[in-house]
Q: 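I'd like to ask some things about the structure below.
Chain identifiers are assigned alphabetically (A, B, ...) following the order of the sequence lines, protein sequences preceding nucleic acid strands; residue numbering begins at 1 within each chain. Note that the structure is predicted; figures quoted are calculated from it, not measured.
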Amino acid sequence: QLQLQESGPGLVKPSETLSLTCTVSGVSISNNNYYWAWIRQPPGKGLEWIGTIYSSGTTYDSPSLKTRVSLSLDTSMNHLSLRLNSVTVADTAVYYCAAQRNLFGEPQPWGQGTLVTVSS
Amino acid sequence: QSVLTQPPSVSGAPGQSVTISCTGSRSNIGAGYNVHWYQQLPGEAPKLLIFADTNRPSGVPDRFSGSKSGNSASLIITGLQAEDEADYYCQSYDNRPNWVFGGGTKLTVL
């Protein structure tokens with residue numbers, strides 16, 4: 001059964017880089033049948049797509065975040081990585097990862113999410 | 001400002017039906033891209049409720065259904081129950097293919 005679990009530091013200082021990991025179990029992330037997406041949700045607000053990475057390493061990034069976002073795969077650890085640089089308080093959010101069988105297919109399952117707070 | 005437009009809130013009494021609309025444009029829903037719907041309970045991750053416009057994942061009650069026409073989609077919930085009280089989000093794609101979301105609708109069961 002495919003499962004995803006996000007992890008990373010819960011607190012990041014302004015101007016620093018946020019780094020998160022999404023550990024995948026139940027399937028190899030190098031499996032060409034999956035796309036892997038990152039989504040975030042600021043407290044009390046709606047959902048925002050950050051980007052998607054394919055098993056080949058091809059990425060699709062949100063236009064509003066693409067200058068600060070880097071998505072990657074670590075096939076040896078079977079996890080995805082998200083790096084967001086130059087963070088501000090506006091980047092405080094719960095960060096989720098999700099799996100898709102095709103680029104426009106249903107995102108399922110999602111991880112439980114991890115809260116990242118940007119504060120000095 | 002969300003790309004897809006949803007009403008901020010809807011309400012209904014137990015047993016009644018409610019419809020949540022999701023309006024986009026010709027570059028997303030109107031272009032034929034899939035629309036997905038999520039239910040989010042407080043403190044939980046979004047749960048996929050409807051995928052590809054009208055399909056229910058295994059385990060989702062048939063009280064939940066989806067439709068799409070033109071630039072808009074709808075989530076219909078019949079036989080409202082107290083546990084349906086949650087936030088609901090629609091999601092589609094543009095041609096990049098970026099994900100686009102609605103701003104979310106809070107459902108209150110009276």
Q: Is there any salt bridge (Lys or Arg N to Asp or Glu O under 4.0 Å) pair reaching into residues 66-76 of chain A, and which pairs are they, with sequence neighbours excluded?
A: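 Qualifying pairs: A:R68-A:D91.
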Q: Quick check for you: to the nearest 0.5 Å, what is the distance between A:N85 atom CG and A:T67 atom OG1?
A: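 Between A:N85 CG and A:T67 OG1, I get 7.5 Å after rounding to 0.5 Å.
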Q: Is it the side chain or the backbone of A:Y60 that comes within 4.5 Å of chain B heavy atoms, both, or neither?
A: side chain
Q: Rounded at 0.5 Å granularity, tell me how far CG in A:L20 sits from CG in A:L82.
A: 5.5 Å
Q: Taking all non-hydrogen atoms of both residues into account, name the closest pair between A:W38 and A:T21 and its distance.
A: CH2-C, 3.8 Å
Q: Write out, in numerical order, the residues from residues 47-69 of chain B with a heavy atom short of 4.5 Å from a heavy atom in chain A.
A: B:L48, B:F51, B:P57
Q: Below 4.5 Å, heavy atoms only, C-beta onward: do A:T114 and A:Y96 meet side chain to side chain?
A: no
Q: Counting distance only, does the side-chain N/O of A:T59 pair as donor-acceptor with the main-chain N or O of A:D61 below 3.5 Å?
A: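 No, A:T59 side chain to A:D61 backbone: no donor-acceptor pair under 3.5 Å.
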Q: How long is the gap from OG on A:S55 to CG on A:L80, to the nearest 0.5 Å?
A: 11.0 Å
Q: How far apart are the C-alpha atoms of A:S119 and A:T117, what are their side-chain angles, what is the distance that settles it, and do they pass the side chain to side chain donor-acceptor pair (under 3.5 Å) test?
A: CA-CA 6 Å; A:S119 174; A:T117 301; over 6 Å; no
Q: Below 4.5 Å from any heavy atom of chain B, which atoms of A:E6 appear? Answer side chain, backbone, both or neither.
A: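 Interface part for A:E6: neither.
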Q: Parallel, tilted or perpendicular: which one describes the rings of B:Y38 and B:H36, with boundaries at 30° and 60°?
A: perpendicular
Q: If I compare all heavy atoms of B:S92 with all of B:L4, which pair ends up nearest, and what's the gap?
A: N-CD1, 3.8 Å
Q: Over all heavy atoms of both residues, which pair between A:V24 and A:L4 is shortest? Give the atoms and the distance, please.
A: CG2-CG, 4.4 Å
Q: Quick check on A:Q41 against chain B: is it the side chain, the backbone, both or neither that has a heavy atom closer than 4.5 Å?
A: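 When you check distances to chain B, only side chain atoms of A:Q41 fall under 4.5 Å.
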Q: Can you tell which part of A:P107 gets under 4.5 Å to a heavy atom of chain B, answering side chain, backbone, both or neither?
A: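 Backbone plus side chain of A:P107, per the 4.5 Å heavy-atom cut-off to chain B.
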Q: Which one of A:A98, A:G105, A:A37 has the most heavy-atom pairs closer than 4.5 Å to chain B?
A: A:G105
Q: Identify the two heavy atoms, one from A:W36 and one from A:A99, that lie closest to each other, and give their separation to 0.1 Å.
A: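 A:W36 and A:A99 have their closest heavy atoms at CZ3-CB, 3.5 Å.
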Q: Please check if the side chain of B:D94 supplies one atom and the backbone of B:P97 the other of a donor-acceptor pair under 3.5 Å.
A: no
Q: Any idea which heavy atoms bring A:S30 and A:T75 closest together, and the distance?
A: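 Nearest pair, atom of A:S30 first, then A:T75: CB-CG2, 4.0 Å.
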Q: With distance as the sole test, does B:T105 use its side chain to make a donor-acceptor pair with the main-chain N or O of B:P7 at under 3.5 Å?
A: yes
Q: Checking an interface table here. Which of residues 18-35 of chain B come within a heavy-atom distance under 4.5 Å of chain A?
A: B:Y33, B:N34
Q: Counting heavy-atom pairs under 4.5 Å with chain B, which one of A:K45, A:E48, A:Q100 comes out on top?
A: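 Looking at each of A:K45, A:E48, A:Q100 in turn, A:Q100 comes out on top.
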Q: So which part of A:I39 gets closer than 4.5 Å to some heavy atom of chain B, the side chain, the backbone, both or neither?
A: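 For A:I39, the contact with chain B is made by the side chain alone.
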Q: Do any of residues 78-91 of chain B come closer than 4.5 Å to chain A, heavy atom to heavy atom, and if so which ones, in number order?
A: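 Interface residues of residues 78-91 of chain B: B:Y89, B:Q91.
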Q: Between B:E44 and A:Q112, does any side-chain donor sit less than 3.5 Å from a side-chain acceptor?
A: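 No donor-acceptor contact under 3.5 Å links the two side chains.
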